[in-house]
Number of protein chains: 2
Amino acid sequence: MELRKPKLEDVAKLAGVSRTTVSRVLNNRGYIGDKTREKVYQAMETLDYHPNEIARSLFINKTNIIGLIFPTTNNPFYAQMIYHLENNFEALGYKVLLCNSGGRVDKERAYLDMLQRHQVDGIVAGAHNRGIEIYEKTKLPIVSIDRYLAPHVPVVSSDNYAGGILATSLLLDKGCQHIIHINGPIDLETPANLRRKAYEDIMKKNGLPYLTYEISETTIRDLFDQNPHVEGIFASDDLIATQVLTEARKRGYRVPEDLKVIGYDGADMTCILRPELTTIQQPIDAMAELSVQLLIDQIEQRTDQITLHNSLSVKLIEGQTT
Amino acid sequence: MELRKPKLEDVAKLAGVSRTTVSRVLNNRGYIGDKTREKVYQAMETLDYHPNEIARSLFINKTNIIGLIFPTTNNPFYAQMIYHLENNFEALGYKVLLCNSGGRVDKERAYLDMLQRHQVDGIVAGAHNRGIEIYEKTKLPIVSIDRYLAPHVPVVSSDNYAGGILATSLLLDKGCQHIIHINGPIDLETPANLRRKAYEDIMKKNGLPYLTYEISETTIRDLFDQNPHVEGIFASDDLIATQVLTEARKRGYRVPEDLKVIGYDGADMTCILRPELTTIQQPIDAMAELSVQLLIDQIEQRTDQITLHNSLSVKLIEGQTT
DNA sequence: TCCTATTTTGGAAACGATTCCATTTTAATA
DNA sequence: TATTAAAATGGAATCGTTTCCAAAATAGGA
């Protein structure tokens with residue numbers, strides 16, 4: 001009863017030709033007689049034949065699959081990045097295998113291993129764990145988003161330092177003196193570290209005290225408890241900035257009169273859900289596009305075209321929180 | 001110079017055993033002598049051998065890959081759904097191929113075809129296009145999120161009708177008489193239609209006029225232009241609700257005094273970014289988990305365990321917009 | 001009509017794993 | 001020690017394609 005999926009050989013048999021001929025029709029390669037081609041198409045139609053891409057991949061030694069490793073899709077920045085990566089790859093005939101590392105080193109390692117076994121043609125790595133040595137030794141085409149992986153792996157990022165300067169300067173220009181920065185977890189090798197450096201550099205340059213909190217469950221409450229007179233907060237991403245806003249309103253601060261807040265990322269969803277938030281917007285779409293380009297260049301051996309460090313510029317989006 | 005990836009045969013040769021033996025070590029199957037196993041592990045180590053999953057898949061006729069078809073990852077609801085789907089599948093040893101249909105029928109068709117060619121073990125379909133006949137004829141295990149696909153395809157959804165009742169009732173209870181509903185695009189076969197039906201039913205039952213707008217570029221402005229005295233708005237998702245809030249504030253409405261707004265979905269990101277929004281929360285995590293369960297049941301032929309219609313209950317999250 | 005170049009086709013060997021079956025080696029029991 | 005069962009190993013076929021090579025058919029020109 002359980003009838004097998006039709007294979008190329010079944011098509012060949014029904015059309016009365018050889019496997020070779022069917023393969024030629026399928027791939028439009030070499031010489032093919034018109035009536036033969038027609039017969040083959042007919043046979044495919046009647047059998048509802050779908051070529052087995054796995055068998056094909058095995059032979060041609062290419063899968064047209066790209067691995068995407070990110071901490072999570074459940075975050076406006078990554079969600080948008082992944083969306084555009086998928087779109088761009090799809091347009092070029094590549095499929096994407098999605099891996100959520102969840103910020104865990106062991107998961108990232110396991111995924112990396114899995115992707116290699118699955119013979120992916122390349123990887124876009126956007127997770128931020130430290131100390132994964134596989135990146136060093138693999139010969140696989142890789143592009144990294146916002147993290148140094150190995151000497152030969154190109155990195156795509158936005159200009160985090162400039163973004164940090166932009167954000168801090170804005171708060172200073174608006175008259176803030178007492179400015180605090182909130183950073184993501186520092187054990188992750190995130191680009192946020194550059195944003196922080198910019199903040200600290202410019203505060204130093206202006207002779208002002210600087211203070212950086214590392215985000216945790218209680219960070220935001222602690223910050224307000226310990227610094228009731230804070231005038232400006234630069235959060236290293238929009239989610240943190242939003243939580244700051246929420247807490248500030250709960251405590252009766254008027255924003256932007258008493259307190260100014262600026263975030264970072266400026267993903268589409270954030271801009272819709274929090275249009276009033278001032279933020280530094282990363283060019284997510286352009287970053288995705290460039291990453292795809294760089295990966296394809298590696299896959300197709302155009303290694304000469306590849307610049308190792310690619311930094312795209314950010315943009316200030318002024319809302320009503322500054 | 002360009003040295004080939006080591007294959008099973010290379011390992012066998014180096015270890016001085018047969019391919020069969022190496023395969024046995026690899027899969028922990030059958031009898032294996034201890035010293036032999038050790039030799040094989042050694043050889044794998046020195047060669048940095050990674051088994052070729054493609055070749056394996058071809059033989060065992062299983063890929064352990066699941067196709068995910070959704071309109072986009074760049075939306076809090078889908079982003080969270082995809083995140084949990086991926087996590088649950090990963091825990092069971094499955095990988096996911098991500099497909100963004102972008103709401104286009106032709107893309108969904110193309111993806112479906114691609115997934116079949118790639119021999120995926122199953123599909124979770126969360127896109128909402130009409131008239132895709134492939135779902136009717138394919139023998140592939142499928143689970144649909146929130147859409148009827150074919151008689152034999154199980155559907156996972158939340159109780160949209162109850163959600164619509166809940167939302168509309170709340171507005172009524174809070175004293176609204178003039179309540180308007182905003183729906184997504186009606187040419188998509190979305191569950192929003194049930195939410196709308198609930199809204200219209202209950203308004204009728206209360207002898208009140210009802211009015212549904214279909215979302216477009218200008219819908220929200222039109223709505224306010226044409227109904228300046230609107231007291232309550234029930235939006236079919238949180239993004240629309242947020243845009244309503246933004247426009248309302250721009251026009252000077254006080255929320256919730258002059259106007260009450262309720263959304264739908266209640267995704268984690270939305271709750272962080274818009275904590276004040278009242279919404280109907282779908283049990284996204286549970287929906288994902290159940291979908292995975294239903295798909296695996298099909299893949300492993302436990303067809304008796306499968307209920308065709310699975311509706312999970314929703315929850316009212318009261319914020320400050322009502 | 002014959003010869004050569006082009007077009008059209010098919011046979012068989014890959015691709016890198018797994019598994020069936022058979023064979024050899026080792027261990028256990030009488 | 002002989003006998004038998006269990007443990008350990010290997011050979012060859014297979015999964016569904018593609019491609020190399022050779023052969024057959026057709027067409028074109030002298």
Side-chain angles (χ1 to χ4, degrees), chain A residues 2-41 43-44 47-65 113-121, chain B residues 2-41 43-44 47-65 113-121:
Chain A
E2 189 56 59
L3 54 160
R4 221 180 1 71
K5 278 183 212 158
K7 48 181 172 176
L8 191 132
E9 188 170 3
D10 302 322
V11 176
K13 208 162 287 174
L14 181 58
V17 298
S18 73
R19 305 213 297 285
T20 310
T21 303
V22 177
S23 175
R24 283 206 190 86
V25 171
L26 215 48
N27 301 49
N28 251 321
R29 208 189 305 292
Y31 296 115
I32 282 289
D34 288 346
K35 52 276 150 53
T36 310
R37 169 175 281 127
E38 202 43 50
K39 272 190 305 181
V40 172
Y41 278 138
M44 287 179 177
L47 292 176
D48 189 30
Y49 170 72
H50 294 262
N52 184 329
E53 198 73 25
I54 295 294
R56 179 162 205 275
S57 292
L58 177 59
F59 189 88
I60 66 179
N61 202 27
K62 180 155 199 271
T63 54
N64 290 310
I65 295 184
D113 198 55
M114 182 274 280
L115 292 174
Q116 286 196 257
R117 287 199 313 268
H118 257 279
Q119 314 294 116
V120 295
D121 293 342
Chain B
E2 189 57 57
L3 53 161
R4 218 179 8 68
K5 278 183 211 157
K7 48 180 172 176
L8 190 132
E9 188 172 2
D10 302 324
V11 176
K13 209 162 286 172
L14 182 58
V17 298
S18 73
R19 305 215 294 287
T20 310
T21 302
V22 178
S23 175
R24 283 206 190 86
V25 172
L26 213 48
N27 302 49
N28 249 321
R29 209 191 304 292
Y31 297 117
I32 282 288
D34 287 346
K35 52 275 151 54
T36 310
R37 170 175 282 124
E38 203 41 53
K39 271 191 305 182
V40 172
Y41 278 138
M44 287 180 177
L47 291 176
D48 190 29
Y49 169 72
H50 295 262
N52 183 328
E53 200 71 26
I54 295 293
R56 180 161 204 276
S57 293
L58 177 60
F59 188 86
I60 66 176
N61 202 27
K62 181 155 197 276
T63 53
N64 290 310
I65 296 184
D113 198 56
M114 181 274 278
L115 292 174
Q116 288 196 257
R117 287 199 312 270
H118 257 278
Q119 314 295 113
V120 295
D121 292 341

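The sequence lines fix the lettering, A, B, ..., with proteins before strands; numbering per chain opens at 1.
- Here the C1' atom of nucleotide C:dA17 and the CZ atom of A:Arg117 are 14 Å apart, to the nearest Å.
- Across the protein-nucleic acid pair, B:Gln119 atom CD and D:dC15 atom P stand 14 Å apart, rounded to whole Å.
- With C:dA17, D:dT18, C:dT9 as the candidates, the nucleotide lying closest to the side chain of A:Thr36 is C:dT9.
- Counting any heavy atom pair closer than 4.0 Å across all strands shown, B:Asn52 reaches sugar-phosphate atoms only and no base atom.
- Salt bridge A:Lys5/A:Asp10: absent, no basic N to carboxylate O contact under 4.0 Å.
- When all heavy atoms are compared, the tightest approach of B:Leu8 to B:Tyr49 is N-CE1, 3.5 Å.
- Donor-acceptor pairing under 3.5 Å, judged by distance alone, is absent between the side chain of A:Arg4 and the base of D:dG16.
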Could you list the donor-acceptor pairs under 3.5 angstrom formed by side chains in residues 26-34 of chain B, with sequence neighbours left out?
| residue | atom | partner | partner atom | Å |
| --- | --- | --- | --- | --- |
| B:Asn28 | OD1 | B:Arg37 | NH2 | 3.4 |

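- For the pair A:Asn27 CG and D:dT17 P, the computed distance is 11 Å after rounding to whole Å.
- Closest to the side chain of B:Tyr31, from the set D:dC15, D:dG16, D:dA7, is D:dA7.
- Taking CG from A:Asp121 and NZ from A:Lys62, the interatomic distance works out to 4.5 Å, rounded to the nearest 0.5 Å.
- Using a 4.0 Å heavy-atom criterion, one finds that A:Arg29 contacts the sugar-phosphate atoms exclusively.
- One can place NZ of A:Lys62 at 14 Å from P of D:dT18, the figure rounded to the nearest angstrom.
- In this structure, CG of A:Leu58 is placed 4 Å from C1' of C:dC15, rounded to the nearest angstrom.
- End-to-end axis angle for the helix from C:dT1-D:dA30 to C:dA30-D:dT1, using five pairs per end and rounding to 10°, comes out at 40°.
- Put simply, CD on B:Glu9 is 13 Å from C1' on D:dG10, counting in whole angstrom units.
- Which of D:dA8, C:dT19, C:dT18 sits closest to the side chain of B:Leu26 comes down to C:dT18.
- What you find for B:Ala55 and A:Leu58 is that their closest heavy atoms are CB-CD1, 3.8 Å.
- Both B:Phe59 and B:Ile32 lie near DNA chain D, and the one whose nearest nucleotide falls closer to the 5' end is B:Ile32.
- Rounded to a whole Å, the CG atom of B:Asp34 is 13 Å from the C1' atom of C:dT26.
- Note that NZ of B:Lys39 is 13.0 Å distant from CE of B:Met44, once rounded to the nearest 0.5 Å.
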Practice prompt. For side-chain contact (heavy atoms from CB on, under 4.5 Å), just list the numbers for A:His118 and A:Ile65, CA-CA rounded to whole Å, side-chain angles, deciding distance to a tenth of an Å, and then say yes or no.
Written response: CA-CA 9 Å; A:His118 257 279; A:Ile65 295 184; 5.9 Å; no
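- Remark: the A:Ser18 side chain and the A:Thr21 side chain contain an N/O donor-acceptor pair separated by less than 3.5 Å.
- Taking 3.5 Å as the limit, the base of C:dT19 and the side chain of B:Thr20 contain a donor-acceptor pair of atoms between them.
- Rounded to whole angstrom, the span from the CZ atom of B:Arg24 across to the P atom of D:dA8 amounts to 11 Å.
- An OP1 or OP2 oxygen of C:dG16 is reached within less than 4.0 angstrom by no side-chain nitrogen or oxygen of B:Tyr49.
- Of the residues in residues 12-19 of chain A, those with a non-hydrogen atom less than 4.0 angstrom from any atom of DNA chain C are A:Gly16, A:Val17, A:Ser18, A:Arg19.
- Listed for the B:Thr63 side chain is no donor-acceptor partner under 3.5 Å among the backbone atoms of B:Ser57.
- Looking at the side chain of A:Thr21, the nearest of the listed nucleotides D:dT17, D:dG10, C:dG10 is C:dG10.
- The CZ atom of A:Arg117 sits 5.0 Å away from atom CG of A:Asp113, with the distance rounded to the nearest 0.5 Å.
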